Participant: 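For reference, the structure I am asking about is given below.
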Amino acid sequence: MNRLELPFYSRPAIELAPALIGKILVRRIRRKVFRARIVETEAYVGAHDLACHASKGRTNRTDVMFGPAGRAYVYLIYGMYDMFNIVAGEIDDPQAVLIRAAEPLDAWEADLSGPGKLTRALQITRADNALPVTNDRLHLLDNPADRPRLAATPRIGIDYAREWKHELLRFVDPTSSALSSRFGLDASQLRGP
DNA sequence: GCGTCGATGGCA
DNA sequence: GCCATCGACGCG
């Protein structure tokens with residue numbers, strides 16, 4: 001498997017988010033390497049997207065989203081949880097993909113079934129904000145043998161975003177048992193066998 | 001299993 | 001006064 005390099009991330013969030021399902025997240029903490037298979041993401045598609053933080057304008061917090069793709073956008077929510085995103089799109093077009101859930105690999109026991117739980121277990125914090133996600137301590141691997149089924153649903157926790165709350169911008173591997181709890185999958189959103 | 005609530009801090 | 005959340009708690 002090969003490390004995903006910066007050009008991989010340089011595309012619209014609506015394309016990057018489903019492309020990240022099945023990819024391997026690699027985190028090194030001191031000497032140990034932890035790997036996890038991404039099973040749930042959300043796309044935040046630009047300044048016109050009322051759920052995207054950049055819709056409020058360019059601030060210290062959202063600045064990284066206006067920069068080049070492939071950098072981490074990590075912010076604190078509810079005073080307690082860091083949210084891990086990867087910047088997508090082009091410079092000055094603020095887009096990002098939130099990594100919401102993953103399955104631990106290599107017999108590593110962890111609950112990564114939610115964006116706050118994932119960052120806590122992997123010790124991803126605001127200290128990682130604006131770092132390219134191509135470094136030795138934090139990066140992704142392609143996983144070409146993994147061809148997950150995909151399902152799309154509305155995004156979680158953005159009821160304030162008016163018409164945008166209905167957009168199908170959350171992507172999951174519907175066969176995973178590690179989707180963010182209470183929002184696993186709506187049976188009505190599955191189709192096919 | 002479900003709904004409800006509070007923790008807790010940065011931000012506009 | 002909000003939050004791109006989570007775990008505890010009360011149900012029955």
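Naming: A, B, ... by sequence-line order, numbering from 1 per chain. Fair warning: this is a prediction, and the values are worked out from it, not measured in the lab.
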Participant: Note every stem involving DNA chain C: at least three consecutive Watson-Crick or G-U wobble pairs, i with j then i+1 with j-1, with both distances under 3.5 Å.
Facilitator: B:1-7 with C:5-11, B:9-11 with C:1-3
Participant: Should Glu90(A) and Ser10(A) be marked as a side-chain hydrogen bond (donor to acceptor under 3.5 Å, both in side chains) after you check the CA-CA gap, both sets of side-chain angles, and the distance that decides it?
Facilitator: CA-CA 6 Å; Glu90(A) 303 300 317; Ser10(A) 189; 3.1 Å; yes
Participant: With side-chain hydrogen bond (donor to acceptor under 3.5 Å, both in side chains) as the rule and sequence neighbours excluded, what pairs involving residues 13-33 of chain A come up?
Facilitator: Arg27(A)-Asp128(A)
Participant: Determine, for Asp136(A) against Arg3(A), whether the closest basic-nitrogen to carboxylate-oxygen distance falls under 4.0 angstrom.
Facilitator: yes
Participant: Using whole Å, what does the distance between atom P of nucleotide dG6(B) and atom CE of Met80(A) come to?
Facilitator: 13 Å
Participant: Between Tyr44(A) and Arg155(A), is there a cation-pi geometry (under 6.0 Å to ring centre, at most 45° from the normal)?
Facilitator: yes
Participant: Quick one: Asp159(A) CG to dT5(C) C1', roughly how many Å, whole number?
Facilitator: 14 Å
Participant: Decide, applying a 5.5 Å centre-distance limit and a 30° plane-angle limit (both strict), whether Tyr81(A) stacks on dT5(C).
Facilitator: no
Participant: I'd like the C1' distance from dG10(B) over to dG7(C), given in whole Å.
Facilitator: 22 Å
Participant: Start at the 5' end of DNA chain B and walk down; is the nucleotide closest to Lys56(A) or to Ile77(A) reached first?
Facilitator: Ile77(A)
Participant: Would you call Arg120(A)-Asp82(A) a salt bridge at under 4.0 Å N-O?
Facilitator: no
Participant: Should Arg71(A) and Val133(A) count as side-chain neighbours, where that means a heavy-atom distance under 4.5 Å?
Facilitator: no
Participant: Looking at dA12(B), dG10(B), dT5(C), which one has an atom nearest to any side-chain atom of Thr59(A)?
Facilitator: dA12(B)
Participant: Looking at every strand, decide which applies to Leu98(A) at a 4.0 Å heavy-atom threshold: base, sugar-phosphate, or nothing.
Facilitator: base
Participant: Have a look at Arg120(A) and say if it touches a base, only the backbone sugar-phosphate, or nothing, with a 4.0 Å heavy-atom cut-off.
Facilitator: nothing
Participant: What do the steps show when you test Ile24(A) against Leu105(A) for side chain to side chain contact (heavy atoms under 4.5 Å, CB included), and what is the final call?
Facilitator: CA-CA 9 Å; Ile24(A) 307 299; Leu105(A) 298 176; 3.6 Å; yes
Participant: If you compare every side-chain N and O of Tyr160(A) against the phosphate oxygens of dA4(C) (OP1, OP2), does one of them come in below 4.0 Å?
Facilitator: yes
Participant: Over all strands shown, is Gly116(A) touching base, sugar-phosphate only, or nothing at heavy-atom distances under 4.0 angstrom?
Facilitator: sugar-phosphate
Participant: Measure from CZ on Arg170(A) to P on dT5(C) and round the result to the nearest Å.
Facilitator: 11 Å
Participant: Nearest nucleotide by nearest heavy atom, which residue falls closer to the 5' end of DNA chain B, Asn60(A) or Gly79(A)?
Facilitator: Gly79(A)
Participant: Using the rule for Phe, Tyr, His and the six-membered ring of Trp, do Tyr78(A) and dG9(B) stack at under 5.5 Å and under 30°?
Facilitator: no
